[in-house]
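Report on one structure; see the data block that follows.
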Amino acid sequence: MAAANERNERLKVIVVGAGLGGCAAALAMHHAGFEVVVYEKIKRFLRLGDSLGLGENALRLLQRWGLHDQLIKIGNKSENMQIRRWQDGKILAVQPLMDMAGYIGHRGDYHDAFLQRVRECGIPIHMGHKVVQFDENKPSIILEDGREIEADVIIGADGIKSLARELVLGFHDAPKSSGYACFRAYFKGEPLKSVPECQSLIQKDCVNIWIGEDKHLVQNTLRDGEEFNWIITHKDTADIKESWFQPGDMDEVRRLVADLDRTIASAVEVTESCLDWKICYRDPLPTWVSRSHKIALLGDSCHAHLPTSAQGASQATESAAVLAVCLKLAGKDNIPLATRVYEKLRFDRVRQSQLNGEDVRDRWHNILKKVNADQEIDPDDVKIKNRWLYPYDAEADTYARWDEMSKIVREELASGNIRPLFDPKTGPVRNLVEYDAFGRPKSSQRNIAIDPPAPQVVVNS
Ligand SMILES: Cc1cc2nc3c(=O)[nH]c(=O)nc-3n(C[C@H](O)[C@H](O)[C@H](O)COP(=O)(O)OP(=O)(O)OC[C@H]3O[C@@H](n4cnc5c(N)ncnc54)[C@H](O)[C@@H]3O)c2cc1C
């Protein structure tokens, strides 16, 4: 089936944005044999952000595109993480790190590895090239200097403040407050060596989470204590400025940790500075594809995740794989079929991955309200339930479900009646597809070639 639909002519793809999502898209398109070029508005990337998780679901795809061992080296080497009580650090549950976020490393280091691989593949990245407009029919992008560049399909991987999303939706999709914000700090572990209370946290790689009423703290120690990161999520409805760079008020942070277990509070208190991220929220979009069907969104531009989902970059990678396979199967003359199948194949899984993040945040923030200090908590009630996400093979699933989904889409395209993915009043337009423990859609009877469920764990020797 695939061979019959593949074309010899090379499809030309423009990717807007060279974040992790844009790089994954570039690699997936290159792997599929397409001509791909990336436009990025930033002139030079710095080591930005802090901890970011990459799950086995993403690594499986990235490995096929030539990126694996370099990513594993970046990730945290701890086998387990501990979920603890806010006030005293009592361990409430122990869980393999692989069940939570997969490999947690510095976002900037992962980004660097992604960019390097894109360059090794000979994919041009035009840095310092801001896209200011799209022509969805040609389709083309228009750069700040007025130049216009055409392609067969354009991928808007331009992040949470996406311009491509405005084109697709036809309006500015303003962020809403999620009711929470994060204070985040990532720094060299050296100053912590003179803080006696936190010594157990800086000897080797480890991850701990302290949960309290309406707040939690994630701590990540990397490179055997050389680097240290804490992220405090807390109630905040003050404003909804969406920024990765807003400085945080350390006095407010110190007030927040006044009743926190001293092991970690002592490390927070000596931290010099932090960032204040308002966690913004958007309803799921009714579509990820422009009316011409030739511009498709990918990554944070259409499916940003809460930090507690630990899947933002991994789901962007899956989306890249699915879109590449769809374009390959549909062929150069059938881009609308490809992009519309892509959004339909992706929506349910992405939505459930986003909801996972809300579920765990709400369980962590509420459980201690329901019990007395001396009452035992069932560890299952505080565990992160991400494991089902990891065995999934996005490419195999796309091949397996292509016939079924492309039939639906062909009918929709013929009638001109494209069903929206989501209606803010009623929710998902179809019932969400459920996935089994192997990451397979439960409704699908097909035999999808998916690896066994247990993800690989790298243990510190
Ligand atoms: C600075 C920063 C720090 C982050 N830190 C963390 C973190 O610590 N932990 C975590 O889990 N997640 C973090 N994230 C989010 C995480 O990187 C994403 O969820 C995930 O990688 C998917 O990203 P993306 O490529 O879809 O979007 P992004 O990473 O936002 O990338 C979008 C890219 O598009 C570019 N762009 C935007 N508009 C245009 C335009 N008009 N023309 C050309 N280029 C454009 C941007 O400059 C950017 O490079 C961070 C994101 C950013 C931008």
Side-chain angles (χ1 to χ4, degrees), residues 14-28 37-55 58 62 75 100-115 118 125-134 141-145 147 149 154-167 182-186 218 220 222 227 229-231 233 242-246 274-275 277 279-280 288 295-320 323 350 353-354 357:
I14 288 176
V15 178
V16 181
L20 288 158
C23 288
L27 292 173
V37 53
V38 184
Y39 290 89
E40 166 58 52
K41 70 175 179 186
I42 305 279
K43 287 200 177 97
R44 197 169 69 85
F45 285 120
L46 301 172
R47 192 181 184 228
L48 294 176
D50 48 73
S51 297
L52 178 136
L54 271 185
L62 292 162
M100 177 218 181
Y103 297 86
I104 313 182
H106 194 289
R107 175 189 177 274
D109 297 344
Y110 283 134
H111 193 199
D112 213 35
F114 273 54
L115 286 165
V118 171
I125 309 182
H126 298 291
M127 299 296 293
H129 284 63
K130 183 176 180 181
V131 174
V132 293
Q133 217 182 315
F134 295 87
I141 53 165
I142 294 137
L143 300 171
E144 241 173 346
D145 61 10
R147 268 184 301 149
I149 298 126
I154 294 170
I155 301 175
D158 51 349
I160 47 169
K161 296 181 187 170
S162 169
L163 180 68
R165 183 177 59 229
E166 287 193 18
L167 169 96
C182 284
F183 288 117
R184 316 181 63 119
Y186 195 103
V218 179
N220 178 21
L222 279 169
E227 298 193 350
N229 168 229
W230 54 256
I231 304 168
T233 301
E242 209 169 23
S243 166
W244 303 112
F245 308 108
Q246 200 164 293
C274 70
L275 293 176
W277 288 22
I279 306 177
C280 292
W288 298 359
I295 300 184
L297 304 177
L298 182 147
D300 280 10
S301 65
C302 58
H303 54 70
H305 282 64
L306 294 178
T308 36
S309 72
Q311 273 282 311
S314 299
Q315 289 300 314
T317 305
E318 283 190 11
S319 288
L323 183 53
V350 163
S353 161
Q354 289 174 315

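Only this structure's heavy atoms are used, side chains among them; waters, hydrogens and symmetry mates stay out. First listed ligand is number 1; within each ligand, the first listed atom is number 1. Here the structure is a predicted model, which is why all the values come from computation and not from measurement.
Residues passing the side-chain contact (heavy atoms from CB on, under 4.5 Å) test with E144, sequence neighbours excluded: K130, V132.
At a threshold of 4.5 Å between non-hydrogen side-chain atoms, the residues Y110 and L62 do not count as touching. With contacts defined as side-chain heavy-atom distances shorter than 4.5 Å, the pair L143/V131 qualifies. Put simply, the side chain of L222 does not reach to within 4.5 Å of the side chain of N229, judged on heavy atoms.
Put simply, the side chain of S301 gets close to the backbone of G156: a donor and an acceptor are under 3.5 Å apart.
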Could you give the N/O to N/O pairs under 3.5 Å linking ligand 1 and the protein, each with its distance?
from, atom 1, to, atom 2, distance (Å)
ligand 1, 8 (O), D50, N, 2.7
ligand 1, 8 (O), R184, NH2, 3.4
ligand 1, 9 (N), S51, O, 2.9
ligand 1, 17 (O), R107, NE, 2.8
ligand 1, 19 (O), D300, OD1, 2.9
ligand 1, 19 (O), D300, OD2, 2.8
ligand 1, 25 (O), L20, N, 3.4
ligand 1, 25 (O), G21, N, 2.8
ligand 1, 26 (O), D300, N, 2.8
ligand 1, 29 (O), R107, NH2, 3.3
ligand 1, 41 (N), V131, O, 3.0
ligand 1, 42 (N), V131, N, 3.0
ligand 1, 44 (N), K41, N, 3.1
ligand 1, 47 (O), E40, OE2, 2.6
ligand 1, 49 (O), E40, OE1, 2.7
ligand 1, 49 (O), E40, OE2, 3.3

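L167 CG to I295 CD1: the interatomic distance, rounded to the nearest 0.5 Å, is 5.0 Å.
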